[in-house]
Amino acid sequence: MWCPKCKNEYRAGITVCADCGTKLLEFLDWTQEDSELLHAFSEEADAKKLISYLEYSSIPSRCEWMQEEGVYGVFVDKKSYKQARKAFSAFFTVETAEQYEKLLSKETDLSQKNHCEPEDSADCAATKDDDGEEEKEEIMEEIRSAVSFAKQGSYVSKADKSADYRSSAITFTTFGVVGLIVMGLHWAGVFTFFTTLSSVIITVMFAGFLFVGIDSFIRAKKAKAESVEEERFIGQLKTWLDDNLTLGALTAVDQADLSKEANFLNEMNEMKNIITKQFGELDQAFLEQFTEEYYNERFDNL
């Protein structure tokens, strides 16, 4: 069962969304505006395998035949896109690792058999080695790409960091203060629940909670101050791009023989190059996230 508003999945038997109170549906009614392409496959079986993996991770998704490109696209809800990217990276890394293991297993089997004639053994072995190394390099490149893909969109804003630190601070401080009050009463002889050794350990533990809570409050305050500067910089960056960047400047790097997805990546790289040239080196995770969000906001509907 799915909530059409929150896109949350519920087990069978639940009829109303716990977050917004909307009546649940057995299937989601997808629209082009609500979804985003996660990855495209040439084989439907591979697309369905990813769909199953995403469903296991509680990420709503669907498979669609893309007639123009001739591939099976896996689409996810835009709200779940960042989570889906991380899940896809894990899926893709496992898949390529399995390919690598199969290749190594195949090489082992081949090494146990001699298919070459004695007079051609050297040339035959060299050919096998070249083919095997080339295939291994291709698989390792896929794994590297998957790891890189996982890092994209992983940037946490200073405002979110501040909120996370504050949440941790409240939790640890509360536990620390309450725990130290209880242990204070214990040491005062009001009640006795623990041995002396246990009392010392528990007291130190709650003192540690309090220390972590105080440290988290300090970090939250620092991150809050940094978030103001970050928002100012983002505003400055957007204003400069609004005045100086056009869709034509990005599509100029498109290549007719490349797919839409490949050209999109080229456009993203071009935008990052333009930003870096104007503003200098920036945090790569921030740059990845910002360029994608800015492109979607300004150019996606053009």
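These figures come from a predicted structure and were not determined experimentally.
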Are [X] and [Y] joined in one hydrophobic group, where the rule is that I, L, V, M, F, W and Y side chains link up if heavy atoms are under 4.5 Å apart?
X: Ile170; Y: Ile214; value: no
X: Val182; Y: Val190; value: yes
X: Leu210; Y: Met205; value: yes

With a 4.0 Å cut-off, would you call [X] and [Y] a salt bridge?
X: Glu226; Y: Lys161; answer: no
X: Glu64; Y: Arg62; answer: yes
X: Glu288; Y: Lys272; answer: yes

Q) Should Leu50 and Tyr72 be marked as a side chain to side chain contact (heavy atoms under 4.5 Å, CB included) after you check the CA-CA gap, both sets of side-chain angles, and the distance that decides it? A) CA-CA 11 Å; Leu50 176 57; Tyr72 293 91; over 6 Å; no
Quick check: closest heavy atoms across [X] and [Y], and the distance to 0.1 Å?
X: Ala159; Y: Ser227; result: N-CB, 3.5 Å
X: Phe41; Y: Ala47; result: CD1-CA, 3.6 Å
X: Ala207; Y: Leu180; result: N-CD2, 3.9 Å
X: Phe233; Y: Leu282; result: CZ-CD2, 3.9 Å
X: Thr173; Y: Gly213; result: OG1-CA, 3.3 Å
X: Gly73; Y: Leu37; result: CA-CD1, 3.7 Å

Strictly by modelled atom types, are [X] and [Y] linked by a side-chain donor-acceptor pair under 3.5 Å?
X: Ser199; Y: Thr196; answer: no
X: Ser157; Y: Asp160; answer: yes
X: Tyr295; Y: Glu267; answer: yes

For a 4.5 angstrom cut-off between non-hydrogen side-chain atoms, does [X] reach [Y]?
X: Phe75; Y: Glu36; value: no
X: Leu38; Y: Leu54; value: yes
X: Phe299; Y: Leu245; value: yes
X: Thr276; Y: Leu287; value: yes
X: Ile274; Y: Glu270; value: yes
X: Ile234; Y: Lys238; value: yes
X: Asp254; Y: Phe264; value: no
X: Arg166; Y: Arg219; value: no

In terms of relative ring orientation, are [X] and [Y] parallel, tilted or perpendicular, with 30° and 60° separating the classes?
X: Phe191; Y: His186; answer: tilted
X: Trp240; Y: Phe279; answer: perpendicular
X: Phe206; Y: Phe209; answer: perpendicular

Atom [atom1] of [X] and atom [atom2] of [Y]: how far apart are they, to the nearest 0.5 Å?
X: Leu237; Y: Ile275; atom1: CG; atom2: CD1; result: 5.0 Å
X: Gln236; Y: Leu241; atom1: CD; atom2: CG; result: 10.5 Å
X: Met271; Y: Tyr294; atom1: CE; atom2: OH; result: 7.5 Å
X: Tyr165; Y: Ile218; atom1: OH; atom2: CD1; result: 12.0 Å
X: Cys63; Y: Ile51; atom1: SG; atom2: CD1; result: 5.5 Å
X: Met183; Y: Ser198; atom1: CE; atom2: OG; result: 8.5 Å

Q: Evaluate whether atom CD of Glu43 has more than 12 neighbouring non-hydrogen atoms of other residues, nucleotides or ligands under 6.0 angstrom away.
A: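 Open: at most 12 neighbouring heavy atoms sit under 6.0 Å from CD of Glu43.
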Q.
Other residues, nucleotides and ligands only: do more than 12 of their heavy atoms fall within 6.0 Å of CZ on Phe175?
A. no
Under the 3.5 angstrom rule, does the side chain of [X] hit a backbone N or O of [Y] as a donor-acceptor pair?
X: Ser162; Y: Lys158; result: no
X: Ser167; Y: Ala163; result: no
X: Arg298; Y: Asp242; result: yes

**Q.** Aromatic ring proximity, centroids under 6.0 angstrom, Phe211 and Phe172
**A.**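 Centroid distance Phe172-Phe211: not below 6.0 Å, so no.
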